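Proteins come first, then strands; the chains are lettered A, B, ... in the order of their sequence lines, and each starts at number 1. Keep in mind the model is a prediction, meaning the values are calculated, not measured.
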Amino acid sequence: MKSAMDRVNLARHKKRPTTLDYIKHIFDDFIELHGDRCFKDDPAIVGGIASLNGKSVTVIGHQKGRDTKENIYRNFGMPSPEGYRKALRLMKQAEKFGRSIVTFIDTPGAYCGLGAEERGQGEAIATCLIEMAGLKVPTISIVIGEGGSGGALALGVTDEIWMLENAIYSVLSPEGFASILWKDSSRSSEAASMMKLTAEDLKQFGIVDKIIKEPGKGAHDNPSKTAELIRSKLLMGLSKIEGIQRDTLLEKRLNKYRNIGEFSI
Amino acid sequence: MINIFEQLFKKTQYAKLKKDAVMNIPEGMWIKCGSCKSNIYANDLEETKQVCPSCGYHMPLSAWDRIELITDNESFIELDENIQSLNPIDFPDYERKTKTSTLKTGLKEAVITGIAKINTEDVVLAVMDSRYMMGSMGSAVGEKITRAVEKSIELRYPLVIFCASGGARMQESIFSLMQMAKTSAALGRHKEEGLLYITVLTHPTTGGVTASFAMLGDIILAEPKALIGFAGPRVIEQTIRQRLPEGFQSAEFLKEKGFVDKIVERKDLKTVLSKLIFFHKERKEA
């Protein structure tokens with residue numbers, strides 16, 4: 001039985017497949033599109049148009065690097081506002097042309113730097129949330145690694161939320177959690193188990209709709225097999241959602257989020 | 001040699017105040033300004049509605065004081081006053097923390113919602129209170145905000161939200177994160193209905209609240225010098241390993257960068273709000 005921290009470590013494994021790895025394996029063709037048309041292109045988020053079994057879909061995801069050099073280029077998968085604005089531009093484009101949208105979530109969180117604040121990190125994420133909730137095309141998000149905070153959620157307001165078996169999704173990192181709680185970030189393992197951040201936890205809460213099993217020791221053990229599993233689920237999942245009438249779909253999506261929360265009246 | 005050093009580092013003797021002399025000032029008479037650190041007579045602060053008379057710093061205002069300041073006399077009708085967060089992830093000690101917060105503040109949650117009049121204009125109003133668990137958003141805050149949005153749609157009244165929050169409530173983990181999506185989705189419907197939504201960002205507005213309903217207003221107002229940002233200043237400093245420039249993430253800074261429509265002093269807020277609401281009313285041609 002894997003502990004929560006085992007999952008955290010697997011989700012962050014340096015050989016874990018990234019968004020572009022999955023895109024290459026899952027889709028028959030992919031053309032990447034760049035830029036937010038306002039400021040610049042953010043390499044921490046990739047997006048474009050792909051072909052899945054003869055159908056066009058828009059694919060967007062956080063992008064981590066493979067080595068130090070690429071991680072610096074990708075900012076360790078931590079997007080700036082322009083990344084979210086690019087994502088939103090591509091989503092609105094998908095809506096215009098009636099393409100379904102698939103997003104891959106894998107980020108420690110939105111970047112916390114000077115420029116990101118200056119250019120409105122909060123506004124960029126908020127706008128993604130409100131716009132995604134109302135997109136008139138089918139949407140599926142898959143947490144493939146780290147689902148860190150608002151920076152992850154900004155690509156995650158979708159008809160269905162799926163998670164890979166060893167992926168995590170939470171309000172902040174276990175280290176951040178531990179440092180707030182005990183002023184000691186080294187107690188992350190304890191924090192991880194308290195936070196209920198595993199795919200299984202989230203499925204039990206009814207927040208995540210589907211868990212995708214990982215082969216062997218985890219996705220990194222057999223990336224192409226993992227991709228094949230995602231592909232088959234996507235083919236089924238998309239055709240199911242695409243069959244739902246548009247108004248019903250939107251209402252269902254709104255209700256999904258409307259009903260999340262545990263409170264007494 | 002030793003003697004010389006002892007002389008060098010010998011502390012200068014100051015006259016010491018007797019402990020009683022310090023303690024003699026009645027408690028709560030003087031309050032230190034959070035910005036210029038000057039001592040302010042408590043009665044003066046009450047008169048200025050918690051605005052520092054010497055530097056103009058707007059100190060946090062409790063939700064009820066805010067409601068009294070903004071709404072017409074006895075016009076406020078509270079909604080959903082009993083909604084409280086449960087403990088969805090069985091977080092240790094969470095119930096005790098919320099109880100302590102309730103005892104300290106008299107509040108059941110970090111936001112108060114209701115229907116009110118602002119200079120005779122009908123509104124649905126939500127006011128956050130940063131004293132209750134740092135104004136953090138968990139299930140209850142998300143639900144109350146969402147219900148306020150729905151009430152605004154139902155009555156076709158404008159919606160005004162006063163934000164004051166440290167962000168998502170970590171004790172509810174994924175549930176608090178999802179409140180960002182929940183409130184934003186509700187506001188998406190509100191937008192489609194063509195209704196007015198004004199947010200007022202007060203000190204401090206950060207984290208998950210900034211990255212959801214706070215930044216989604218048709219019009220975004222802010223109080224002077226309020227701290228507004230996604231990441232908190234400490235987190236940014238740790239990330240970039242430098243000190244932040246003076247005034248970074250202040251309301252004035254956000255206005256300069258294009259993220260706030262207008263900075264409004266506390267004493268003018270009621271008038272500005274009612275004017276903005278009036279501008280959005282259907283008016284017959286004169």
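Considering only heavy-atom pairs separated by less than 4.5 Å from chain A, the leading option among B/L187, B/L254, B/I89, B/V235 is B/I89. In terms of heavy-atom pairs under 4.5 Å with chain B, the best-connected choice from A/I125, A/I180, A/L202, A/V157 is A/I125. Chain B forms more heavy-atom pairs under 4.5 Å with one residue of A/L254, A/L197, A/L250, A/L172 than with any other, namely A/L254. Between chain B and the residues A/G113, A/G109, A/G122, the most heavy-atom pairs under 4.5 angstrom are made by A/G122. Contact count versus chain A (heavy atoms, under 4.5 Å) is highest, among B/P245, B/A181, B/G167, for B/A181.
Under a cut-off of 6.0 angstrom, the local environment of CE in B/M134 is sparse, with at most 12 non-hydrogen atoms contributed by other residues, nucleotides or ligands.
For A/I207, the part lying near chain B is the side chain, with the backbone staying farther off; criterion is any non-hydrogen pair under 4.5 Å. Within the 4.5 angstrom heavy-atom criterion, only side-chain atoms of B/L244, from C-beta onward, approach chain A. Neither the backbone nor the side chain of B/F213 comes within contact range of chain A; no heavy atoms are under 4.5 Å apart.
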Could you give me the CA-CA distance, side-chain angles and deciding distance for B/F175 and A/V171, then say whether side chain to side chain contact (heavy atoms under 4.5 Å, CB included) is met? CA-CA 8 Å; B/F175 286 89; A/V171 71; over 6 Å; no
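Here A/F263 contributes atom CZ and B/I83 contributes atom CD1; the two are 5.5 Å apart, rounded to the nearest 0.5 Å. Distance check, rounded to the nearest 0.5 Å: CG of B/L216 to CG of A/L129 gives 7.5 Å. Here the CG-CG distance, from A/L153 to B/L177, works out to 4.5 Å after rounding to the nearest 0.5 Å.
Using a 4.5 Å heavy-atom cutoff, the side chains of B/I240 and A/L114 are in contact.
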Please report all inter-chain donor-acceptor pairs (under 3.5 Å) between chain A and chain B, with distances to 0.1 Å.
from	atom 1	to	atom 2	distance (Å)
A/E117	OE1	B/F230	N	3.1
A/E117	OE1	B/Q249	NE2	2.8
A/E117	OE2	B/F230	N	3.4
A/E117	OE2	B/A231	N	2.8
A/A126	N	B/A211	O	3.4
A/E131	OE2	B/K191	NZ	3.3
A/M195	O	B/S173	OG	3.1
A/K196	NZ	B/I89	O	2.8
A/R258	O	B/K182	NZ	3.4
A/R258	NE	B/E150	OE2	2.6
A/R258	NH1	B/E143	OE1	2.9
A/R258	NH1	B/E143	OE2	3.4
A/R258	NH2	B/E143	OE2	3.0
A/R258	NH2	B/E150	OE1	3.3
A/I260	O	B/Q179	NE2	3.1
A/I260	O	B/K182	NZ	3.0
A/E262	N	B/S139	OG	3.0
A/E262	O	B/L86	N	2.9
A/S264	N	B/Q84	O	2.7
A/S264	O	B/Q84	N	3.0
A/S264	OG	B/Q84	O	3.4

